[in-house]
Colleague: 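Starting off with a structure, shown below.
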Amino acid sequence: MDNSEVSARLYKMAEMLEFQGENPFKIRAYIKAARNIKNLDEDVNKIFERGELEDIPGVGKAIAGKVEEMLKTGTFEAYERLNIQIPVDVGKLMEVPEIGPRTLQLLYQHLGVESLEDLKEAAEAHRIRRLPRMGAKQEERILNALKSLDERSKLNRIPIGRALPIAEEIQNTLDANPHIQNVVAAGSIRRRKDNVGDIDFIATSTNQKNAIYAFTHMEKVQEILGEGTTKGSIIYDGNIQVDLRIVNEESFGSLLQHFTGSKEHNIRLRDIALSRGLRLSEYGFTDQNTGNLHPCRTEEEVYRTLGLDFIPPELREDRGEVEAALSVNMPHLITIDDIKGDLHVHSNWSDGKNTILEMAEAARGLGYSYIAICDHSKSRAIAGGLSEKRLIEHVSEIETINEEFDDFRVLSGVECDIKANASLDYSSDILEGLDLVIAAIHSGFNEDRKTLTKRMVSAIENEHVDIIAHPTGRLLGERDAYELDMNAVLQTARDNNKVLEINAFPERLDLNDINARSAKEMCISLAINTDAHHTSHYKYMSFGVDVARRAWLEPDDVVNTLELDKLCKLLGIEKH
DNA sequence: GCCGTTTTCGGCCCGACTGTTTTCAGTCG
């Protein structure tokens, strides 16, 4: 069993214990252990072999014993026993909003509900409303939850590229309202996750009731989920949940911190607070002895009070940032201002919309020192891929354009297909004549892991290849990453000194934060490129930088933060 | 079930909202 399988079984155990009404702290202990095992950098089998299971945070004697049992037999006795005792599909049923362990227990004992079908039947027959603590409204909520479960699960998470414009639209609406001040998008949007489950806003107000009312009655609100005095919750146009929380100005920093999350990060902070005799909530710190509340106006104050360096929102995932902040060892994250150029852009020579000159002038206007024009190679006929002859003409046009600039350079490149037989789309002597070769897989995504990995590895090993574009091929919300042995890819890139791309196009964001961080840890350089097919696409660079920040990248980890001469030296490009 | 910068026992993250309640339990994030 690997880490995620062990973790999944512990989670399931927690669910079953919860159904049985066990001590909530025991349940939390299982969840904590499951989470920590899932987040381990190392294979849990190796830790077991060293006899160090109990060194994993949240794993004590009892759970270590169960993990050991699992690693040896694939399961553990206490789990099997409960699994037989409980006929109810706890996992599926607890996924239904409104259904928690207590309600599920009630439904099972009185109505014999064991499955989603049973639940639907009981609700439709109006049998739920007669149960203690239940009523007609509760029954209707459950029915609605069941109905929306299907729809929601299809679009449960939204790519950040789609969520951000919606967040901006709502922000503008709220900003225009006289009752609402200091509107900030918090939550996973502020952490710049590549996809978000909902959009969270916080704000201050001189008239809270009116502020919440205005929020829940915006033009594009489809449904009001909740409406209190400090919090409103809605479904917005496009089936996206949006929450707004109102707070006093003196607690603004505490609230922003709380609502930015992540949940795991906040739990860590509250833990640290408790060890200092403080209780942390969205209102501030409460001294456990005196009961006095100290609200924080700024987030900086929250972290300072805990004895921590400030932690940028993008890092708040409980992936080591708390430890880094404790030891004053925070990375100096890359920012958009560090970017000196874009090494993957297209022109109208293939499927881009602008001329090479237009792409160059637009980039220069952004303050860049260079771009690499990487139009498609000949196999991508559908995208106007360049024949050998056209590629050579393309290079000479770039040379002509370069004569017009003394403070800017267009590099001649190509986005070269890695073909099904793992060879590249041009011969070596053609590739040799280019400043930069980016290789990418654009076909045969459905091949097996071994074949795809082999294609990728041999491309990386090719001496002419400089950068691998969008290495996993995912399209957010459309297509999963293809089967790839990422470890093999990373090792080959490291051994051959090749650069991997963080493709900033909002549908791609590929490599993602996790893989990019693994690359950094293996000392592999990255490039953040927009893959622009139009001058307006240069703005996507910020999405790529967001991914890089979530991957803990610093300017030195990214090649296109280099000045032109250093970049040329690194990539072996002749100076003209 | 886990854990210890006052603790090997007695804590364990915290608060908003809702519905069915007259003081709270359950769910959610």
Side-chain angles (χ1 to χ4, degrees), chain A residues 10 13-14 17-19 21-36 53-67 78 93-107 128-142 144-145 186-188 196-200 202 208 212 216 224-234 241-247 251 254-255 257-286 288-289 293 306-307 318 326:
Chain A
L10 290 175
M13 182 72 184
L17 290 171
E18 205 173 7
F19 175 77
E22 257 289 359
N23 174 0
F25 298 110
K26 183 171 168 178
I27 293 155
R28 200 176 298 165
Y30 272 95
I31 292 173
K32 199 172 178 180
R35 191 176 61 228
N36 288 338
L53 283 178
E54 286 185 52
D55 289 352
I56 302 170
V59 176
K61 210 168 180 172
I63 292 184
K66 293 179 169 91
V67 172
L93 282 163
M94 295 233 289
E95 269 176 33
V96 181
E98 311 298 327
I99 305 283
R102 311 241 71 93
T103 306
L104 185 52
Q105 183 62 243
L106 192 73
L107 291 166
I128 292 176
R129 63 177 65 187
R130 293 198 296 267
L131 298 177
R133 315 202 61 78
M134 290 286 158
K137 277 200 170 171
Q138 202 56 11
E139 187 176 80
E140 199 184 324
R141 286 178 129 208
I142 290 173
N144 281 335
S188 47
V196 303
D198 60 7
I199 300 175
D200 301 309
I202 65 163
Q208 302 202 350
I212 296 290
T216 53
I224 300 174
L225 298 175
E227 199 172 12
T229 50
T230 64
K231 190 180 160 185
S233 194
I234 57 167
Q241 181 169 339
V242 186
D243 299 332
L244 172 67
R245 183 75 177 267
I246 303 286
V247 74
S251 303
S254 296
L255 187 89
Q257 195 291 315
H258 168 85
F259 235 44
T260 297
S262 65
K263 190 178 167 184
E264 287 74 19
H265 175 84
N266 286 353
I267 288 173
R268 289 298 306 278
L269 295 198
R270 290 187 196 121
D271 229 26
I272 293 173
L274 283 175
S275 73
R276 294 177 163 241
L278 299 167
R279 276 176 37 225
L280 173 59
S281 79
E282 59 258 60
Y283 298 110
F285 292 99
T286 308
Q288 283 191 300
N289 294 325
L293 177 74
L306 293 169
D318 192 20
L326 276 169

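Chain letters run A, B, ... following the sequence lines, proteins first and then strands; every chain starts at 1.
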Colleague: With DNA chain B as reference, determine whether A:Glu54 or A:Asp243 sits nearer its 5' end, using the nearest nucleotide of each.
Modeller: A:Glu54
Colleague: Which whole-number value in Å describes the distance from A:Asp55 CG to B:dC3 C1'?
Modeller: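 Those two atoms, CG and C1', are 14 Å apart.
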Colleague: Say you pick atom C1' in B:dT21 and the same atom in B:dC17; how far apart are they, in whole Å?
Modeller: 14 Å
Colleague: Starting from P on B:dG1, measure out to NZ on A:Lys61 and report it in whole angstrom.
Modeller: 13 Å
Colleague: State whether A:Arg129 places a side-chain N or O below 4.0 Å from either non-bridging phosphate oxygen (OP1 or OP2) of B:dT20.
Modeller: no
Colleague: Sticking with atom C1', work out how far B:dC2 lies from B:dT8, rounded to a whole angstrom.
Modeller: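 These two C1' atoms come out 12 Å apart once rounded.
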Colleague: Just so I know, are the side chains of A:Glu98 and A:Thr103 near enough to count as touching, which here means a heavy-atom distance under 4.5 Å?
Modeller: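 The answer is no, as the side chains (C-beta and beyond) never meet within the 4.5 Å cut-off.
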Colleague: On a whole-Å scale, what distance lies between the P atoms belonging to B:dG19 and B:dC12?
Modeller: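 The answer is 30 Å between these two P atoms.
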Colleague: Looking for any heavy atom pair under 4.0 Å, which part of the strands does A:Ala136 touch: base, sugar-phosphate only, or nothing?
Modeller: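 Touches sugar-phosphate only.
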Colleague: Taking any heavy-atom pair under 4.0 Å as a contact, classify A:Leu280: base, sugar-phosphate, or nothing.
Modeller: sugar-phosphate
Colleague: When rounded to the nearest Å, what value does the distance between C1' atoms of B:dT27 and B:dT20 take?
Modeller: 14 Å
Colleague: Among the nucleotides B:dG15, B:dA25, B:dC17, which one has an atom lying closest to any side-chain atom of A:Arg133?
Modeller: B:dA25
Colleague: Side chains of A:Ile212 and A:Thr229: does their closest heavy-atom pair fall under 4.5 Å?
Modeller: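 They are not in side-chain contact.
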Colleague: Hey, does the side-chain of A:Asn23 have a donor or acceptor N/O within less than 3.5 Å of a partner on the base of B:dG1?
Modeller: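 Side chain to base: pair found, below 3.5 Å.
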Colleague: Any strand is fair game: report the nucleotide pairing with B:dT8 by Watson-Crick or G-U wobble, both distances under 3.5 Å, or none.
Modeller: none
Colleague: Closest to the A:Thr103 side chain: B:dG29, B:dG15, B:dT27?
Modeller: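 It is B:dT27.
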Colleague: Would you indicate which nucleotide in B:dC28, B:dG26, B:dG1 comes nearest to any side-chain atom of A:Pro97?
Modeller: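 Nucleotide nearest to A:Pro97's side chain: B:dC28.
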Colleague: Between B:dT20 atom C1' and A:Arg141 atom CZ, what is the distance in whole Å?
Modeller: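 Nearest whole value for this atom pair: 12 Å.
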Colleague: What nucleotide, of B:dG1, B:dT27, B:dG15, holds the atom closest to the side chain of A:Glu282?
Modeller: B:dG15
Colleague: A:Tyr30 side chain N/O closer than 4.0 Å to the phosphate oxygens (OP1, OP2) of B:dC12?
Modeller: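 For A:Tyr30, the contact criterion (side-chain N or O under 4.0 Å from OP1 or OP2 of B:dC12) is not met.
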Colleague: A:Ala29 side chain: which of B:dG1, B:dG19, B:dA16 is closest?
Modeller: B:dG1
Colleague: If you only use heavy atoms from C-beta on, which nucleotide in B:dC12, B:dG19, B:dT27 is closest to the side chain of A:Leu274?
Modeller: B:dC12
Colleague: Regarding A:Ser233 and A:Gln241, do their side chains bring together a donor and an acceptor under 3.5 Å, going by distance alone?
Modeller: yes
Colleague: Mind calculating the distance between NZ (A:Lys231) and P (B:dC14) to the nearest angstrom?
Modeller: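 Those two atoms, NZ and P, are 17 Å apart.
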Colleague: When you get a sec, tell me which of B:dT27, B:dG15, B:dG1 is the closest nucleotide to the side chain of A:Phe25?
Modeller: B:dG1
Colleague: Please determine, for the side chain of A:Lys137, which listed nucleotide (B:dG19, B:dG15, B:dG1) has the closest atom?
Modeller: B:dG19
Colleague: Assign A:Pro24 to base, sugar-phosphate, or nothing according to its heavy-atom contacts below 4.0 angstrom with the strands shown.
Modeller: nothing
Colleague: Would you kindly compare A:Thr230 and A:Gly135 by the position of their nearest DNA chain B nucleotide and give the one closer to the 5′ end?
Modeller: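 Nearer the 5' end of the strand: A:Thr230.
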Colleague: If you draw a 6.0 Å radius around CD in A:Gln288, do more than 12 non-hydrogen atoms from other residues or ligands fall strictly inside?
Modeller: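 Yes.
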